[in-house]
Amino acid sequence: MPLADPPLVEARGLARRYGAVRALAGVDLTLRRGEVLLVLGPNGAGKSTLLRSLAGLLRPTAGSVAINGRMLTRDDPDARRPIGLLSHQSLLYDELTLLENLILAGTLYDLPDPPARARAALTAQGLEHRADDRPRSLSRGMQQRAAIARALLHDPALLLLDEPFTGLDAVAGDRLRELLREHCTEGRGMVIVTHHAAEAWELATRVGVLLQGRWAFESPRPPDMAQFHRVYQELARG
Amino acid sequence: MPLADPPLVEARGLARRYGAVRALAGVDLTLRRGEVLLVLGPNGAGKSTLLRSLAGLLRPTAGSVAINGRMLTRDDPDARRPIGLLSHQSLLYDELTLLENLILAGTLYDLPDPPARARAALTAQGLEHRADDRPRSLSRGMQQRAAIARALLHDPALLLLDEPFTGLDAVAGDRLRELLREHCTEGRGMVIVTHHAAEAWELATRVGVLLQGRWAFESPRPPDMAQFHRVYQELARG
Amino acid sequence: MTPDLGPAHAIIRRGLVLTILGILGVGVVMVLAVQFTPVEARQGLAQKIFYIHVPSATVTLWIAMPLTGLASGLYLWLHDLRFDRFAAVSAEVAAVFCLAVLTTGPIWAKPIWGTWWTWDGRLTLTLFLFFLLLGYHTLRAALRDPVERGRFSAVISIMGVVLVPFIHLSVYLWRGLHPQPIIMKPSAPSLPPEMLRTLLTGIGVFILMYVGMVTLRYGIQLVRDAQEAADAA
Amino acid sequence: MGRMLRLVLAIAGKDIRLELRTRTSLLSAAVFAALMLIVFNFARDPTAVATLDLAPSVLWVTVSFASVVAMNRAFTVERENAAFDGLLLAPVSRELLYLGKYLANLVFVLVVEAIALPLFVLFFNLDLSKALLPLVLTLLLATAGFVAVGTLFSAMVAKTRFAELMLPVLLLPFMVPPLIYAVKVTVPLLAGRPLSEVIPGLNFLAVYDVVFLTLAILLFPAVVDE
Amino acid sequence: MGRMLRLVLAIAGKDIRLELRTRTSLLSAAVFAALMLIVFNFARDPTAVATLDLAPSVLWVTVSFASVVAMNRAFTVERENAAFDGLLLAPVSRELLYLGKYLANLVFVLVVEAIALPLFVLFFNLDLSKALLPLVLTLLLATAGFVAVGTLFSAMVAKTRFAELMLPVLLLPFMVPPLIYAVKVTVPLLAGRPLSEVIPGLNFLAVYDVVFLTLAILLFPAVVDE
Ligand code: HEM
Ligand SMILES: Nc1ncnc2c1ncn2[C@@H]1O[C@H](COP(=O)(O)OP(=O)(O)OP(=O)(O)O)[C@@H](O)[C@H]1O
Ligand SMILES: Nc1ncnc2c1ncn2[C@@H]1O[C@H](COP(=O)(O)OP(=O)(O)OP(=O)(O)O)[C@@H](O)[C@H]1O
Ligand SMILES: [Mg+2]
Ligand SMILES: [Mg+2]
């Protein structure tokens, strides 16, 4: 591949064991700019583990990850800069207000004028009136929105979303879809993990199914979702 | 109402404030045996607060809750016995294995032979092979299943479920629906909070929409879900 | 598939032989100490324990610990689990020898100082080095994830190695009851030739025993890891 | 009755198992005892201070530290995954719940004391031939007292984070009286004075225990019911 | 350079703000200091023990307690909501991350010392007219040392619960040398001996700090990179 434009994500033979459990058993993934990969798979398939490895939070037992052609394995701060991760947990400090949490994040990412960015991000999630509350005192859906605000704050070129729609009400769900559609321009890429293909089907350019730490299915988005869903059911039950 | 058969749940004028925030602003609810109430509402509407009040975990600022005609306000252990709650958190100890967690629960509910019950509950959630793992080391969906196992362990006459399907894969979702259908016999009742009416529409006998701590809609299940959904969208967007 | 354990078993056999030789060697040293070495004037027979105490201590501090640290460092650098395995077994042997020091010490202390134990700087630090090694193994036992286990234990053992100079210098630093270096010091050893000869033999024997035990445990560990990998697959 | 006992033991047993799993608090208490001994050893000028004059203080400082740690532990383990809600939901009266937690804390602190005491005997080479039993009794009585209060207060920690802020401050005034008496009893005991001297102290401790244990049981529901 | 400083301060500042919000550790440290003083006050037989012989030990026991508490605190706050992952994700080199946490812990322990010191001066009515500066220096140097090691080890706690089990045991061996020296320096200082006596001790502490701070910075990435 021409070094001129390395792919956004280049993962080779990712494997991760937890004791006897093999969460990932050899996963390859190449994601180019402008692509959105939708990942499905049963509980325990390794989806979250995959995302955490791509984000460099987990050192895989085997395999390597390169973001924009830069290895994550060694401690290279700038290689992490383009990454935005929405994980199962909110990554927010319970004793800091939402605003303080986001300002801290902004500072860590060297954003210009963190307070302004923070407020903007909260407004985008309809949380401006809760800016001075603690995460703990929010309803679950609001917490999820706060977590989203944090993940998107530095508008990352590579966005990794682990079940982003959980806990969101209908309105917030549509708002997030809208936001992601805008976010996903030429230069950017996304990996979305979900249990309901419908939630993000329109956004996706590719679809993958993870089973026991391996790709059971990986292709450009099929034309018909209903049909794909049958295929997935097959795989999952199979 | 004849004391012969008090309703399963009898809540009057429930109100709860957190500082300036009014989570609940006067909610009445009567649930009879055999009824299943589906509760929808935007984030922050007060759904979780309502469930926690019905479970007696939250002392409402105003109003009262009676289960089987017994007030929860005073400390009356047996009044709590029929309640089963699945909350946003798993209520599991991270340092105890799944089995130990469930055995403890079984003991607290004076179940005969807790170990057997515990194993059965785990099997029902497809977690038998994880019985000796810690909740922390499970995937999110598995944690949700463990929480469900704990909530259903003493098969409660009144089941309060807060977004029970979050994190569950397709198979586990169907399994849970099946389980709830069986569970919900004559003598029992259920309140299910969700953001996706479809998830539990078949189970429901009644549907309610909570808005800013009040019922905005409360009726027997309408015949047509699609139509109800439009109504709900109306209400939610306000 | 079951991996070929032939080489591992060969290593185990080799280790076993060396260890046995080492143990025999200790016997020889004792005979040397009692029969062919003059009785120390002031301390009398109590001083004979010297020929076990000092070698075990010296090998712990100057061979076992440094090698453990070295292997750990290499592991952190190269992420090669073999280094981690070596560090682990070496630390195990270090713990055993450290225990030897902690038993021979008091046995010696009782007649000389009239007490089994004092919170003298060197004694305290040696005791805590032993604790550290115990902690090291507890941690390894607790962590099931090999990668994480390797990293954490490497960090601990490297930190532990840095304690060694403190233990050595402790006698100068805090001037407790414990006698000052005899061999490990700038000037020439201050010891009559026969005693020195016996002491050096002792040190040699303990080095032999270290090599033997490490080889043995390494072989056993090879087998265990192979089996674990087999189950996981 | 049998049921009550079973429930109390179930709750206490759970706590003890948790502690054995992590062992955090036990270890930090033990380590702290060691630190104390070392510091005092190196700071003490043997000619100036007789060990006997230090022993009581060192012993009781360790005990109070262990207790504070235990209190902090007691309900923070309940907070993760809101596990405490699970206990509150169960058909178990608040009194039994309190007793369960109380028992666990008591066991924990007593274990620390059981570890610490021999250490002190060795370190200060004390002669406990006749003082041992009364000393153990003193430890029991004093501990029972402030663990009772501590368990009550630390329950607030489980419900509202803010209470955590106040816990040590709240605890202090209640720990002081039993502590003072415990010390005042220990000094003559170790000095080998006749038991008659310490009886009043022991009585005070016993009374204190009864009063505050009852009080705590009565107030506990008010603390945990949100 | 300016950027590095900004990041370190951002991380440290966050920790300090968290601590100010809950104040748990600060308070429990303070309360503990109070407890110590009370116990010693009632246990001490003024005729037998001169306060001056106790002051150094009591001071350093409190300090080491405060540090252990700080270490426990340092990374447990990072665990809720996996907030620590947030730090690890950020484009901040591990060294700066370590320095941030280190700074926060250092400040915390120093604050406790700043609170404790006057208490001791009053309680033992010491005359620090000329000993004050060297004493402060000693506190600084000793604290800097074991906080460096503690920050490193406690980072393991954030990653695996099991490590929490070991933290105190692991920390102990590294607290001993500086503690011994600190005490050995404090004693002559409070006794009003000439400074020349304590210079070697201070040198040792300084060397210890440099060695372990460098080592900790080098090893930190190995601890946090899962
Ligand atoms: C009570 C527990 C004791 C412990 C934990 C202990 C520990 C140690 C250690 C760690 C060393 C190695 C120092 C080094 O190589 O730098 C050592 C060496 C030595 N010990 Fe002990 N010791 C103890 C008691 C004694 C006693 C009672 C004596 C005799 C009075 C003694 C005499 C020596 C001598 C002569 C050396 C060799 C010094 C050198 O060459 O460095 N030890 N001990
Ligand atoms: N910290 C951990 N310790 C031990 N095992 C773990 C840990 N994290 C994950 N696992 C195991 O790895 C496997 C994959 O977990 P992962 O969270 O990636 O699944 P998932 O695909 O995200 O599932 P879900 O859809 O439920 O989120 C599971 O079997 C899980 O038990
Ligand atoms: N512990 C608390 N402290 C302060 N405010 C709280 C607390 N719990 C809930 N609230 C507030 O009460 C309101 C209702 O919260 P609740 O969790 O009941 O909403 P919900 O309907 O469950 O929302 P979601 O669908 O997101 O779960 C929210 O505004 C929330 O911020
Ligand atoms: Mg997941
Ligand atoms: Mg909710």
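Naming: A, B, ... by sequence-line order, numbering from 1 per chain.
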List the atom of [X], the atom of [Y], and the distance in Å for their closest heavy-atom pair.
X      : Y      : answer
B:A170 : A:Q233 : CB-NE2, 3.7 Å
A:N43  : B:M142 : O-CE, 4.1 Å
B:S139 : A:G44  : OG-N, 3.4 Å

Handout entry: Best-contacting candidate, A:A172, A:G167, A:A236, A:G46, against chain B by heavy atom pairs under 4.5 angstrom
Key = A:G167
Exercise for the section: With a 4.5 Å cut-off on heavy-atom pairs, point out which of A:L168, A:V171, A:T194 contacts chain B the most. Expected result: A:L168
Problem - Residue A:E218 excluded, over 12 heavy atoms near CD under 6.0 Å - result: yes
Handout entry: Enclosure of A:R119 CZ (heavy-atom neighbours >12, cutoff 6.0 Å)
Key = no
Practice task
Under 4.5 Å heavy-atom distance to chain A, tell me which part of B:H196 shows up: side chain, backbone, both or neither.
Solution key: side chain
Handout entry: Among B:E163, B:H195, B:K47, residue most engaged with chain A (heavy-atom pairs, under 4.5 Å)
Key = B:H195
Completion exercise
So, the part of A:E199 with a heavy atom under 4.5 Å from chain B: the answer is side chain
Practice task
Would you indicate whether the side-chain heavy atoms of B:R140 and A:T166 approach each other to under 4.5 Å?
Solution key: yes
Exercise for the section: Would you check if the side chain of A:D169 reaches a backbone N or O of B:G41 as a donor-acceptor pair within less than 3.5 Å? Expected result: no
